Amino acid sequence: MKNKEIARIFDRIADALEFQGANRFRVVAYRKAARILDDLTEDVSVLAQANKLESLPGIGHAIATKIAEYLSTGTVKKYEEVKKEIPGTLLDLLDIQNLGPKTLALAYKELGVESLKDLKQVIKTGRLEELPQMGKQKVDNIRKGIVLYERAHERLSIAAAEEIAHELIAYLKKETRIKHISAAGSLRRWKETIGDIDILATGPNSRTIITVFTQFPNAERVLAAGTTKSSILVRGGVQVDLRIVNAGSYGAALQYFTGSKAHNIRLRNIAKSKGLKLSEYGVFRGKKQIAGRNERDVYKILGLIYVPPEIREDRGEVELALKNKLPKLVEHRSIRGDLHMHSTYSDSEATIAELATAADAHGYEYILITDHSQSVTYAHGLEPKRLYAQWKEIDRLNKKLRTPHILKGVEVDIRRDGTLDYPDAILKECDFVVAAIHQGFKHKVTERMCRAMQNPYVDIIAHPTGRLISSREGYHIDLHRVMEVAAKTGTWLEINAYWDRLDLNDTNARAAHEQGVSISIGTDAHDIKGIQWMKFGVATARRAWLASKDVVNTYTLKKLRAARKVNRKK
DNA sequence: GCCGTTTTCGGCCCGACTGTTTTCAGTCG
Ligand SMILES: Nc1nc2c(ncn2[C@H]2C[C@H](O)[C@@H](COP(=O)(O)OP(=O)(O)OP(=O)(O)O)O2)c(=O)[nH]1
Ligand SMILES: [Mg+2]
Ligand SMILES: [Mg+2]
Ligand SMILES: [Zn+2]
C-alpha cells in the first residue's frame, strides 16, 4: 500500500511550495491531501483504479492526477523538479521551531545557508539578525528552536505522556488553587503518540499557577513563562504547554486546545456560516459572547451534538454531529473482561492467581488466559503437558475465587507453514482461542492468517498487523482481505491495548467494523500493571467510532460464549 | 489546489507574539 509514501511526498511538496513563496492556500491543499491519504485505510491504488480518488473531499483533479502518476511511474514530476531546485536537506531545517519557510528562504538566498552548520554560523556572526523583518527576539527564538531540534526525539507514547500529565496535574491541584484543569491536545484525544503535552487550567491567580508550574520538580528547563501561557521541558526533553484562561472562556478554550486543528477549522467555518465567530474565547455574535464557559454549549450553539474528544479528527464526525447521528461510543466501564493475558506459565511475571485478583479489583466478570504455544520458544511456549497443568490450576482457582471467571485460552502461533501450533483436539477444549503471527513477518502472512480464521475454534486474531509503534513496521499483509475473511468466518479482530502496539489501530479498527467484523480488546498483559493498558484499548476503540455492541468485551460471559463462531448457527 | 442548499470564481480559522510594521507579514498553537 503506497498511501503513506504518497502522503509524505505531498507534505514535502507543500514544504517546497511554501519555501518558494507559492500561494498559501495551495500549500494548505497539499497538506490536506496528505492528511487524507494518511488517514485512508483503503489502498489508494484500488481507489485510483476505480477512478474514485476525486470523490475524497480535499482531493481534486490536479492531486488525483499526481497520485495516478506516482502509482504508474513511481515518481511525481513536480516533486522531482522542486527537489532539483532546493538543496538536499535544506527543508529539514523547517523542523526547527520558529524558523519558517520565509525566513529559511531568505537565509538561503541572502546568506547562502544550506545546512544547520551554516545556520548556526550566521546566527553567531549576527548576519541573520540583520535580515529584514528579523530582530533580536526572533533570532533568540530560533536559537532555542535549534537546541530543541538537536535533542529532537520521537513522539511520545500515549502511556508515557499520560503518566507525566497525571503527575503534573496532581501537582498543580495540590500546590495552587486551580478551579478547573484538564489535559488537552492529542493527549485528550488519546492519539497513539503525543508530540507535546497540552494542559489547560483556570484559577484565581494565573501568575502564581505559572510560577508553580515552572517549579515542577521534574522540570528540566523553562522555555517560556508569560501571564497566560508557559512551556517547560520535563525529563527526557518532553515539552509541556500550559495555558491559563478566564473561567468564562474555559469551555471554548478547552475546545480550541483539544483540537484537532482540522476539527477546529471545520467548527470555525460552521460558526461563520451561521454569522457567528468561534475562537478560544467563545462563540460570538458580533461582540457578544453567547457561549464559552462550558464546552458542551459551544457544540450545542453551533447545532452539533457533543463530539467526544477521541473522534475530533475531521474524519466525518462534524457532518454526523450536525445530523445528530454520531454512534454512542463504547465506555471503559462497559468492559467486562480482558481477552488476552499471559501468566508465568509462559513469559509473564504474573501468576494466574495474581492476574485474577487484579482483574477482580477492576470489577471484571471474566479474564482469558492466553499463554504462548509450544513453538514460540523464546517466550516459554507451552507444550500440551504444561497447558493441561495450567488448566488444572485454573479449575482449582475458579473453585476458590468467586470472581472473575478465569477462562482457558491460548495464544496459538500461526506457524510459517500456515498451520496452527496445537491440534484441533486441544483447541477444541479451550474456552476461547487467540491466534497470532510471531514469525515469518514477510512470508505469506495474509494467506496464513486467513487459513487460521477458517479454523472453527479460532475466535480472535491478535495484533493483526504486528507493528510496534516505536520500532517495527509490521507484517506484509493485505489487511482488507483479512477483514473480509474475518467478517465471513465470524472471527474477531483484536485491538491489542499494549501502548506500543495499539493494533489494530484506530482507523483500521474502524474499517474492520465497517466491514462487519467484531472487535475484541486484549491488554496482552505480561504483569499486573499490564491490566491497566485496557484504557488505551478502549480509547482506540472510541477513536474507531465503536459502540458497545461492536466490542465483544462488553458482552456477558454467556453472550460471549454464544457469539463464538462454533456456537453460532450457520 | 479545492470547492459550492449564499455555486464555477473568489474565498480559504482565528488569535498571540514579534518586528520597525505605518497597515502588515511571519510563525506558532
Ligand atoms: N484553530 C486552530 N487551532 C490550532 C491550530 N494549531 C493547533 N491548534 C490547537 C489544536 C491542537 O490540538 C492544539 C494543541 O496544538 P499541538 O500543536 O500541541 O497539537 P496536538 O496536541 O493536536 O498534536 P501533537 O501530538 O502535540 O503533535 O492547539 C491552528 O492552526 N488553528
Ligand atoms: Mg500537543
Ligand atoms: Mg502544544
Ligand atoms: Zn500475547
Side-chain angles (χ1 to χ4, degrees), chain A residues 10 13-15 17-19 21-36 53-67 78 93-107 128-142 144-145 148 184-188 195-200 223-231 239-245 249 252-284 292 298 302 314 318-319 322:
Chain A
F10 287 152
I13 291 177
D15 285 343
L17 288 173
E18 239 179 341
F19 178 84
N23 179 298
R24 61 200 176 93
F25 299 109
R26 243 178 102 207
V27 174
V28 166
Y30 275 101
R31 293 216 192 278
K32 180 163 187 194
R35 180 173 64 84
I36 303 294
L53 285 174
E54 288 181 52
S55 69
L56 298 171
I59 300 207
H61 186 67
I63 287 184
T65 305
K66 289 188 175 63
I67 294 173
K78 165 133 200 122
L93 299 184
L94 289 174
D95 287 340
I96 296 170
Q97 270 188 48
N98 306 311
L99 176 64
K102 306 293 178 193
T103 309
L104 186 63
L106 207 61
L128 188 67
E129 195 177 323
E130 286 163 15
L131 290 177
Q133 316 299 334
M134 292 303 288
K136 192 165 162 27
Q137 188 62 49
K138 281 184 169 176
V139 172
D140 226 44
N141 288 341
I142 291 173
K144 282 184 191 164
L148 294 182
S186 49
L187 181 57
R188 183 162 182 246
D196 69 356
I197 297 173
D198 303 290
I199 296 177
L200 179 72
L223 297 175
T227 52
T228 63
K229 50 184 183 181
S230 172
S231 296
Q239 184 170 336
V240 185
D241 291 347
L242 174 70
R243 179 123 187 214
I244 314 282
V245 296
S249 292
L254 190 57
Q255 192 291 311
Y256 151 74
F257 213 24
T258 297
S260 65
K261 173 178 168 177
H263 176 86
N264 287 355
I265 291 174
R266 293 299 312 276
L267 245 50
R268 287 168 182 216
N269 275 319
I270 288 168
K272 200 141 81 157
S273 72
K274 292 180 182 293
L276 306 173
K277 182 182 64 167
L278 171 62
S279 74
E280 60 266 48
Y281 297 105
V283 181
F284 295 85
V298 171
L302 296 178
D314 189 27
V318 172
E319 289 77 357
L322 279 167

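Here is the naming used below: chain letters follow the sequence lines, and residue numbers restart at 1 for every chain. What you see is a predicted model, and the numbers here were worked out from it, not measured in a lab.
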How many whole angstroms separate atom [atom1] of [X] from atom [atom2] of [N]?
| X | N | atom1 | atom2 | result |
| --- | --- | --- | --- | --- |
| A:E54 | B:dG1 | CD | P | 13 Å |
| A:D241 | B:dC17 | CG | P | 14 Å |
| A:E18 | B:dC28 | CD | C1' | 12 Å |
| A:F10 | B:dC2 | CZ | C1' | 13 Å |
| A:L93 | B:dG26 | CG | P | 19 Å |
| A:L106 | B:dA25 | CG | C1' | 12 Å |
| A:N98 | B:dG26 | CG | C1' | 11 Å |
| A:L148 | B:dC28 | CG | C1' | 14 Å |

Any side-chain to backbone donor/acceptor pair from [X] onto [Y]? Under 3.5 Å, distance only.
| X | Y | value |
| --- | --- | --- |
| A:K66 | A:F10 | no |
| A:N98 | A:N141 | yes |
| A:S230 | A:A224 | yes |

If you measure from the [atom1] atom in [N] to the same atom in [M], how many Å do you get, rounded?
| N | M | atom1 | answer |
| --- | --- | --- | --- |
| B:dT20 | B:dC14 | C1' | 25 Å |
| B:dC3 | B:dT8 | C1' | 9 Å |
| B:dG11 | B:dT18 | C1' | 28 Å |
| B:dC13 | B:dC2 | P | 16 Å |
| B:dT23 | B:dG19 | C1' | 14 Å |

*Partners passing ring-ring contact (aromatic ring centres under 6.0 Å, His included) against A:F19 (at least two apart in sequence or in another chain)*: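 Expected list: A:Y108.
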
*asked:* So, using ring-ring contact (aromatic ring centres under 6.0 Å, His included) as the criterion, who are the partners of A:Y256 when residues are at least two apart?
replied: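 Scan of A:Y256 (ring-ring contact (aromatic ring centres under 6.0 Å, His included), adjacent residues dropped) gives none.
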
*May I ask you to say what A:T228 touches in the nucleic acid, namely base, sugar-phosphate or nothing, with a heavy-atom cut-off under 4.0 Å?*
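Contact class for A:T228: none.
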
*Using a heavy-atom cut-off of under 4.0 Å over every strand shown, decide if A:I96 touches base, sugar-phosphate, or nothing.*
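Result for A:I96 = sugar-phosphate.
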
_Distance in Å, A:I63 CD1 paired with A:K32 NZ, rounded so as to fall on 0.5 Å steps_ =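 With rounding to 0.5 Å, CD1 (A:I63) is 10.5 Å from NZ (A:K32).
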
*asked:* Do A:L94 and A:P101 make a side-chain contact, defined as non-hydrogen atoms from C-beta onward lying under 4.5 Å apart?
replied: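 The answer is yes; the side chains approach within 4.5 Å.
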
_Protein within reach of the bases, or only the backbone? For nucleotides 9-15 of chain B, mark each nucleotide 5' to 3' as B, S or -, using heavy atoms under 4.0 Å._
---BBBS

*asked:* Testing the basics here: between A:A33 and A:G58, what is the closest heavy-atom pair and its distance to 0.1 Å?
replied: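 So the two residues come closest at CB-O, 4.3 Å.
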
_Base-pairing assignment for B:dT8 (Watson-Crick or G-U wobble, both under 3.5 Å)_ =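 Answer to the pairing question: none, since B:dT8 forms no Watson-Crick or G-U pair.
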
*Name the closest nucleotide to the A:A29 side chain, picking from B:dT27, B:dG1, B:dC28.*
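Per side-chain heavy atoms of A:A29, the pick is B:dG1.
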
For nucleotides 18-24 of chain B, tabulate all protein N/O to nucleotide N/O atom pairs closer than 3.5 Å, reporting atom names and distance.
residue : atom : partner : partner atom : Å
B:dG19  : OP1  : A:Q137  : N            : 2.6
B:dG19  : O3'  : A:M134  : O            : 3.0
B:dT20  : OP1  : A:M134  : O            : 2.6

*Who pairs with A:K229 by side chain to side chain donor-acceptor pair (under 3.5 Å), at least two apart in sequence or on another chain?*
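So A:K229 forms no side chain to side chain donor-acceptor pair (under 3.5 Å) with any residue.
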
*5'-most contact on DNA chain B: A:H61 or A:P101, nearest heavy atom basis?*
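Mapping each residue to its closest nucleotide by heavy atoms, the 5'-most match is A:H61.
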
*List in chain and number order the residues that pass side-chain contact (heavy atoms from CB on, under 4.5 Å) with A:E129, two or more places apart in sequence or in another chain; answer none if no residue qualifies.*
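Result, side-chain contact (heavy atoms from CB on, under 4.5 Å) vs A:E129: A:K136, A:V139.
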
